[in-house]
Amino acid sequence: PENLVIVESPSKAKTIGKYLGRGYTVTASMGHIRDLPASTLGIDVEHGYTPKYITIKGKTALVTGGARGIGEAIVRRLHADGARVAITDVLVDEGRALAAELGDRHGVRAEVVTADLTDIDARTAIATTLDERGLRVQVLVNNAGVGGTVAIEQETVERFRMAMEVNVTAVWHLAKLCAPSMIASG
């Protein structure tokens, strides 16, 4: 979309979308991509009230569905901010091309881990592969999703199961797999 606005919650996306109108696509990231510090005010009152974000530099971020669209934008931003980004997507060639481009442009490592998020073993392999590469996930962005709507009488059980596996089960499972390293890193 030409005018894309990303906010952290679906309810905010809905409200802001009403204000902005048809010329904008407003979507939710389902959480903050960048956080303000908890121990200080979080803004610099002496310099135009600019935000003081918690730095992502040097951290490892796993972005599912990171090869294109919103996921690609998230990958690019995290990488530009100095994060080591691990991209997982079924679009293997696009993910590899993006990682190669980012590695060349920013000099910070970007990784690709091929995985079909409907497969429990593939999800487990993501964490194992990253660990073997010396990357401990500190930031998890569960961006991958199966969308599209069809009338219920046209929906298949197989497609519904696939959507539930990617949109619900994989989100939970990856959070569970990555929780130990995220908790350990603070």
Side-chain angles (χ1 to χ4, degrees), residues 1-18 20-33 60-79 85-99 110-133 135-183:
E2 202 167 305
N3 297 303
L4 175 64
V5 177
I6 303 173
V7 297
E8 73 277 359
S9 74
S11 60
K12 285 183 183 177
K14 187 175 179 182
T15 302
I16 292 170
K18 288 178 185 176
L20 295 178
R22 291 185 188 172
Y24 292 83
T25 299
V26 183
T27 190
S29 64
M30 305 301 283
H32 295 243
I33 301 299
T60 298
L62 171 61
V63 181
T64 67
R68 70 173 177 197
I70 293 170
E72 178 186 353
I74 292 168
V75 165
R76 287 182 183 281
R77 181 54 195 242
L78 290 169
H79 198 267
V85 182
I87 304 164
T88 185
D89 207 306
V90 292
L91 304 170
V92 179
D93 292 339
E94 291 179 44
R96 287 186 181 140
L98 177 59
E111 301 275 339
V112 177
V113 180
T114 305
D116 175 356
L117 295 181
T118 64
D119 181 350
I120 190 171
D121 293 330
R123 292 191 302 260
T124 302
I126 293 170
T128 303
T129 300
L130 291 175
D131 193 49
E132 287 169 356
R133 294 179 188 177
L135 299 172
R136 295 186 49 84
V137 175
Q138 296 160 297
V139 177
L140 173 61
V141 180
N142 274 309
N143 172 71
V146 175
T149 56
V150 297
I152 193 150
E153 64 271 9
Q154 295 172 341
E155 185 65 86
T156 65
V157 171
E158 292 79 18
R159 190 189 168 296
F160 176 78
R161 283 185 177 156
M162 179 180 70
M164 293 303 292
E165 196 67 29
V166 172
N167 298 345
V168 179
T169 307
V171 170
W172 172 85
H173 191 208
L174 286 172
K176 179 174 176 52
L177 291 168
C178 296
S181 61
M182 291 190 297
I183 292 167

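Small disclaimer: the values here were computed from a predicted structure and weren't measured. Hydrogens, waters and symmetry mates are skipped; everything else that's a heavy atom, side chains included, is used.
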So, taking the atom named [atom1] in [X] and the one named [atom2] in [Y], what distance separates them when rounded to the nearest 0.5 Å?
X      : Y      : atom1 : atom2 : result
Leu62  : Asn142 : CG    : CG    : 7.5 Å
Asn167 : Met162 : CG    : CE    : 9.0 Å
Asp131 : Ile126 : CG    : CD1   : 13.5 Å
Asp89  : Leu98  : CG    : CG    : 9.5 Å

Search all heavy atoms of [X] against all heavy atoms of [Y] and return the closest pair with its distance.
X      : Y      : result
Thr169 : Arg123 : CG2-NH2, 3.8 Å
Val26  : Gly17  : CG2-CA, 3.7 Å
Ala13  : Thr27  : CB-C, 4.0 Å
Val75  : Gly66  : CG2-O, 3.7 Å
Glu72  : Ala67  : OE1-O, 3.7 Å
Thr114 : Thr88  : C-OG1, 4.4 Å

Contacts of [X] that satisfy side chain to side chain donor-acceptor pair (under 3.5 Å) - sequence neighbours left out:
X      : answer
Thr60  : Arg84
Arg136 : none
Thr118 : Asp116
Arg133 : Glu111

request  = Look only at the side chain of Ser181 and the backbone of Cys178, and say whether a donor-acceptor pair between them is shorter than 3.5 Å.
outcome  =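 Answer holds: yes.
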request  = Using modelled atom types only, decide if a donor and an acceptor are shared between the side chain of Asn143 and the backbone of Val63 within a distance under 3.5 Å.
outcome  = no
Candidate pair Val5 and Thr25, rule side-chain contact (heavy atoms from CB on, under 4.5 Å), full reasoning = CA-CA 6 Å; Val5 177; Thr25 299; over 6 Å; no
Which pairs would a plain distance check flag for residues 90-97, meaning a side-chain donor or acceptor within less than 3.5 Å of a matching protein atom at least two apart in sequence or in another chain?
none

inquiry  = Pair Leu140, Met182 - check side-chain contact (heavy atoms from CB on, under 4.5 Å), show working.
reply    = CA-CA 8 Å; Leu140 173 61; Met182 291 190 297; 3.9 Å; yes
key: Residue pairs passing the salt bridge (charged side-chain N to carboxylate O under 4.0 Å, His left out) test where at least one lies in residues 150-159, sequence neighbours excluded   =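 Every pair satisfying salt bridge (charged side-chain N to carboxylate O under 4.0 Å, His left out) with a residue in residues 150-159: Glu155-Arg159.
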Side chain proximity check, His173 to Ile120, heavy atoms < 4.5 angstrom = yes
query = Given side chains that start at C-beta, do those of Leu174 and Thr64 come closer than 4.5 Å, heavy atoms only?
reply = yes
